[in-house]
Each structure stands twice: as C-alpha cells, then as structure tokens.
Number of protein chains: 2
Amino acid sequence: MFSDSEENYLKTIFHLERQFKDGVSTNAIADQMQTKASSVTDMMKRLSDKNLVNYVKYQGVTLCDKGRIAAAAIIRKHRLWEVFLVEKLDFSWDEVHEVAEQLEHIESEELIDKLDKLLNYPKFDPHGDPIPNKDGNFPVRDKVLLSDLSIGSKGICVGVKDTSSSFLKYLDKNGIALGKSIQVLEKEDFDHSQKIKIENEVLQVSQQIASNLYIKTTH
Amino acid sequence: MFSDSEENYLKTIFHLERQFKDGVSTNAIADQMQTKASSVTDMMKRLSDKNLVNYVKYQGVTLCDKGRIAAAAIIRKHRLWEVFLVEKLDFSWDEVHEVAEQLEHIESEELIDKLDKLLNYPKFDPHGDPIPNKDGNFPVRDKVLLSDLSIGSKGICVGVKDTSSSFLKYLDKNGIALGKSIQVLEKEDFDHSQKIKIENEVLQVSQQIASNLYIKTTH
DNA sequence: AAATAAATTTAGACAAGACTAAAAATGTAT
DNA sequence: ATACATTTTTAGTCTTGTCTAAATTTATTT
Ligand SMILES: [Mn+2]
Ligand SMILES: [Mn+2]
Ligand SMILES: [Mn+2]
Ligand SMILES: [Mn+2]
C-alpha cells in the first residue's frame, strides 16, 4: 500500500501532532527522523498528492483522515510486535524498538489479526503505550507522572514516557516494572527527588526519573 | 547489510544454481523473479562489485562464498518464519510464502536465534524443505519422489516439490500431509497413476501428484 | 562459412528518496 | 518600518532499482 518511507513519515507526523496541534513543521519532522528539511518538503508534496496529509507551504502539515488511519495501523503493528518480542521471544523491553521498526512495515492483515490473537488481544505495549484497535481507536487509561503525585499517593506503574534503553535499564536495575505497586513516601523540595516504595522496597529517585514514569493512581 | 532487492537476487541465484551448476543465465534469473534481463545484468554488476557473485559477461553467474552464505541466511530466515506462521499463528501451509517473503528481510540476528529457540530448532519447514543452520549448512534427508517408488514400497511423506497453493490444497483435501505414512498399492502403466494407502485410507493419484510428493522410504 | 535466430548487454530514461547550496518567506529586534 | 536571523522551499545532483529499445555477442541453421 505505502512504502516504508511513507509509513515512517505518517507515523512521525501522527506523534508530533499531539505536540503541534495546528500544524507540524518540516523541521520538527526532519529532527525527529534524522533527515533534512528539504527531504521532508519533498515527501510532504507526495503525501499531499495522495491525500494523506494537508500541506500548505510554510505552514506545516496535518494528517488527513486517510493518513491518520494509516498511521494508527502502523503504530498498531509496531506495538503488537513489541508485545510479541517481549512475551514470546523473551526480548527485554529496551531491545524491542529497533526490530519493531522493521516489523511494523510487514504487510498482511491476516498476520496482524493472528498475532493479536496469539498475544490475547493486548491493549498496551511493553512500555505501557496504548495499542489501537483495527479501526484506529486507542484505548484510554488514566495515568499521571510520578512527579505530579503528592505524598502518600498510591498507584500502579503503567508506563514510561522516556523509552530510551538507559532509562529502561535503570528501572530494571532498581526493581521498577510495569504492574508493580508504588507509593510516594517523601518529596524533597530542593531537588524534587522522591522517596518511594515499590512493592515492598524503598527507593530514592530523582526528579528526572519521576517525571518519566506513569502511574495509575488507585485512590 | 544488503537491500531487499539484493537479497532476493542472491536467494534466486542460490536456488537456480542447483539446476544450472555451471552458471546461471540472466534470463533464468529474470524469468524466476518476474523482471527483465537488462535489470538482472545491472544487478549482477553491482553484486559482482561487492564480491557476492562471479559474473562474466555472456557467461552467466555463480555465487561467491560470501554470496552463498548470505543466501543461506535469507533462506534460513524465510523457512523459520514459515514454521512460525504455521506452528504458532495457525496459518495453513499454502498461505505462508508471501508473508515469509517479507519477513525474511528483517535484520536481527538475535530475533532469528530466539525464533529458532521458540520453534524448538526445527530442521525442516512446513513444506519439508531443509532449514540451514547459522553456518549455512543444510540438513540432509533421504527422500524420493512418490512417482519413483515401486509397488509395495512404504514410507513417510516428508516434502513437496511443487509448493503452489492449488497443489497444497489438493493434498489437504485428500488427507495427505507431511508425517503421514504412505504405501504404493498399484501403478498404472498407461498414465502412471497410482493407487496408494495414506495411513488407513486408499486413494488414487495421478502422475502429476506422484511426481511432486517426496517420500522417505522406511525399508 | 555465411546467414539467421536467440540470448545478453548497453544506452538512455524514469521514479523514489535523499542531500547540498541557494533563494524565498517568515519572524524578531531595533 | 527596516534590517537581521531563522525557517522553509526550490533547484540541481546522486544512488538504487527498474524499464524499453537498440546494439552486440553467442548459438544454430543452411
Ligand atoms: Mn517502539
Ligand atoms: Mn513501545
Ligand atoms: Mn516459501
Ligand atoms: Mn517453504
């Protein structure tokens, strides 16, 4: 249907649209995709010709419905493959992204349906990110950054904002994983570090850590 | 490492080398890949520059060691993915080829190792074709075409020569599957059709069928 | 051995995607 | 409002992979 390159552009625009609701700049896309703005301009013209994006010179780009549906399908594939890699092949959550970047471009509706079934229709990927259904709708889940919780709050770890390998490995090393219970014990005014309890372990985490971990509060 | 296109050429040459031991013609490659001989010539020059094939103008092409190893790796991936699709995702053996054609180009040593492990290190794919190991060595198994067996011979179905969907569906419909026992009951001189026993069912098959089914004889 | 047929390569063109350098548009500071 | 800086687009080039048509080489006949 679409080339790998086109799919990567669509996906990137989809993600950047949250941040830049009234039009994504070619530079923003170029930065994200490690390419040049001139290359982006070329591609925007092509995607526009195919009615996948609304592109007005000098005014950035937004996805058309057709483009948004295509983007959601790619994200669905990416995240389902990530679940597969972690659940079935014992990859760790910091290793799956690169491979999923390739697998997301495999074209086969039936393959994805069967993969979805094998994985028991997961709603979230290994990083806690929502997996859209076949219609492109994303499941929603209340979540808040650990850094925004007040002392005493309890919850469950449900996602990460930063998905870099170094952050994920830090979490592994310190026994923080999705699904584990968490409680804020203390907050330090000076550097915004926190003392937290993960399951039954007490741990001190910096502001940088706390602002990249999503929690679903339990009350 | 190599582009999808380069990999497809290498794989095709590998397969055609059995048939044309002393050099595969550009036309043979073009026919197989549904492309034009002139495109093949272009690619042969590129592959030759990369020391993947030996190419002499007008004299056909053979794989270099480097090219043969690369080809085996691609075939390994293709066949492992086919096993995965059938064993884990319940694809039928006539549906897997197209998808495997795409999956074989995914680049990740670790992915294939882990897939191999998940599948319990299979030696043969759903069509009975051998899966090379990491070093590029293919397991061997004695097999002979059903059409070459004499009356009374017994064996096990171990592979198919024709992997077309129509042939595989015919086998499904008539209860012929890899692993099942088979015995030749009668052979008709006139049209070379045979009466065979599959497990406990008796069946009449044409020469065309018999010459596309591989049997491992049991005595 | 020359003539003809078939296979193969070359020449020239095209599309997708990407890059660099230059031009044009937009935004900001005086 | 004008000058300067930044962003974005355009123009021109390159690589990969493909094609058609023409030229060349090899194979087959007479
Ligand atoms: Mn990812
Ligand atoms: Mn993810
Ligand atoms: Mn196959
Ligand atoms: Mn196969």
Side-chain angles (χ1 to χ4, degrees), chain A residues 1-13 16-17 19-63 66-67 70-71 74 101-102 104-105 107, chain B residues 1-13 16-17 19-63 67 70-71 74 101-102 104-107:
Chain A
M1 192 74 176
F2 307 114
S3 72
D4 287 12
S5 186
E6 287 172 326
E7 293 192 342
N8 286 334
Y9 275 100
L10 290 173
K11 194 180 48 154
T12 300
I13 297 166
L16 288 172
E17 262 190 342
Q19 200 178 336
F20 307 102
K21 293 216 75 164
D22 48 317
V24 182
S25 72
T26 49
N27 260 345
I29 297 169
D31 285 355
Q32 189 70 29
M33 296 185 68
Q34 321 231 63
T35 182
K36 295 293 143 86
S38 55
S39 307
V40 177
T41 301
D42 285 351
M43 183 56 91
M44 291 313 105
K45 288 175 182 166
R46 282 193 291 268
L47 294 181
S48 182
D49 289 346
K50 293 188 178 184
N51 290 307
L52 293 165
V53 302
N54 306 110
Y55 170 60
V56 185
K57 264 192 197 179
Y58 295 104
Q59 284 179 226
V61 72
T62 57
L63 289 173
K66 202 175 145 196
I74 300 154
E101 281 297 312
Q102 297 180 63
E104 72 190 0
H105 302 296
E107 268 186 74
Chain B
M1 193 72 176
F2 306 114
S3 72
D4 287 12
S5 187
E6 288 172 325
E7 293 192 344
N8 286 334
Y9 275 100
L10 290 173
K11 193 179 49 155
T12 300
I13 297 166
L16 288 172
E17 263 190 341
Q19 201 177 337
F20 307 101
K21 293 217 75 166
D22 47 319
V24 182
S25 72
T26 50
N27 261 342
I29 297 169
D31 285 355
Q32 188 72 28
M33 295 185 70
Q34 322 232 62
T35 183
K36 295 294 143 87
S38 56
S39 307
V40 177
T41 301
D42 285 351
M43 182 57 90
M44 290 313 104
K45 287 174 181 166
R46 282 193 291 269
L47 294 180
S48 182
D49 289 345
K50 294 187 177 187
N51 289 308
L52 293 165
V53 302
N54 306 109
Y55 171 59
V56 185
K57 264 191 196 180
Y58 295 103
Q59 285 179 224
V61 72
T62 56
L63 290 173
I74 300 154
E101 281 297 312
Q102 297 180 63
E104 73 189 359
H105 301 295
I106 302 292
E107 268 186 73

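All figures in this text were calculated on a predicted structure; none of them were measured in a lab. Residue numbers start from 1 in every chain, and the chains themselves are labelled A, B, ... in the order their sequence lines are given, proteins ahead of strands.
Of all the heavy atoms in A/Q102 and B/E107, the pair that sits closest is OE1-N, 2.7 Å. In this structure, A/A71 and A/L63 approach most closely via the heavy-atom pair CB-CD1, 4.3 Å. Shown here for A/F2 and A/A70, the closest heavy-atom pair between the two residues is CE1-CB, 3.8 Å.
Counting heavy atoms from C-beta outward, B/Q32 and B/K11 have side chains that stay 4.5 Å or more apart. In this structure, the side chains of A/Q19 and A/V24 stay at 4.5 Å or more apart for every pair of heavy atoms. At a threshold of 4.5 Å between non-hydrogen side-chain atoms, the residues A/T35 and A/Y9 count as touching. Within the 4.5 Å cutoff, no side-chain heavy atoms of B/V61 are placed close to those of B/L47. Taking the side chain as every heavy atom from C-beta outward, B/I29 and B/M44 approach each other to under 4.5 Å. Looking at B/N27 and B/V40, their side chains never come closer than 4.5 Å, going by heavy atoms from C-beta outward.
Near DNA chain C, defined here as any heavy-atom distance below 4.0 Å, the residues from residues 30-49 of chain A are A/T35, A/K36, A/S38, A/S39, A/D42, A/M43, A/R46, listed numerically.
C/dA15 atom P lies 21 Å from atom CG of A/D4, rounded to whole Å. One can place CD1 of B/I29 at 15 Å from P of D/dG17, the figure rounded to the nearest angstrom. Nucleotide C/dG17 holds its P atom 12 Å from the NE2 atom of A/H105, rounded to whole Å. Rounded to an integer number of Å, the gap from B/E6 CD to D/dT18 P is 10 Å. The separation between A/K50 atom NZ and C/dA16 atom P is 7 Å, rounded to whole Å. One can place CZ of B/F20 at 10 Å from P of C/dT8, the figure rounded to the nearest angstrom.
Taking only side-chain nitrogens and oxygens, B/T26 never comes nearer than 4.0 Å to OP1 or OP2 of C/dA7. A close approach under 4.0 Å does not occur between any side-chain nitrogen or oxygen of A/S3 and OP1 or OP2 of C/dA16. Phosphate contact (OP1/OP2 of C/dA16, side-chain N/O of A/Y9, threshold under 4.0 Å): absent. The phosphate of C/dT8 has OP1 or OP2 within less than 4.0 Å of a side-chain N or O from B/N27.
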Protein N or O to nucleotides 22-26 of chain C N or O, pairs below 3.5 Å:
| residue | atom | partner | partner atom | Å |
| --- | --- | --- | --- | --- |
| C/dA25 | O4' | A/Y58 | OH | 3.2 |

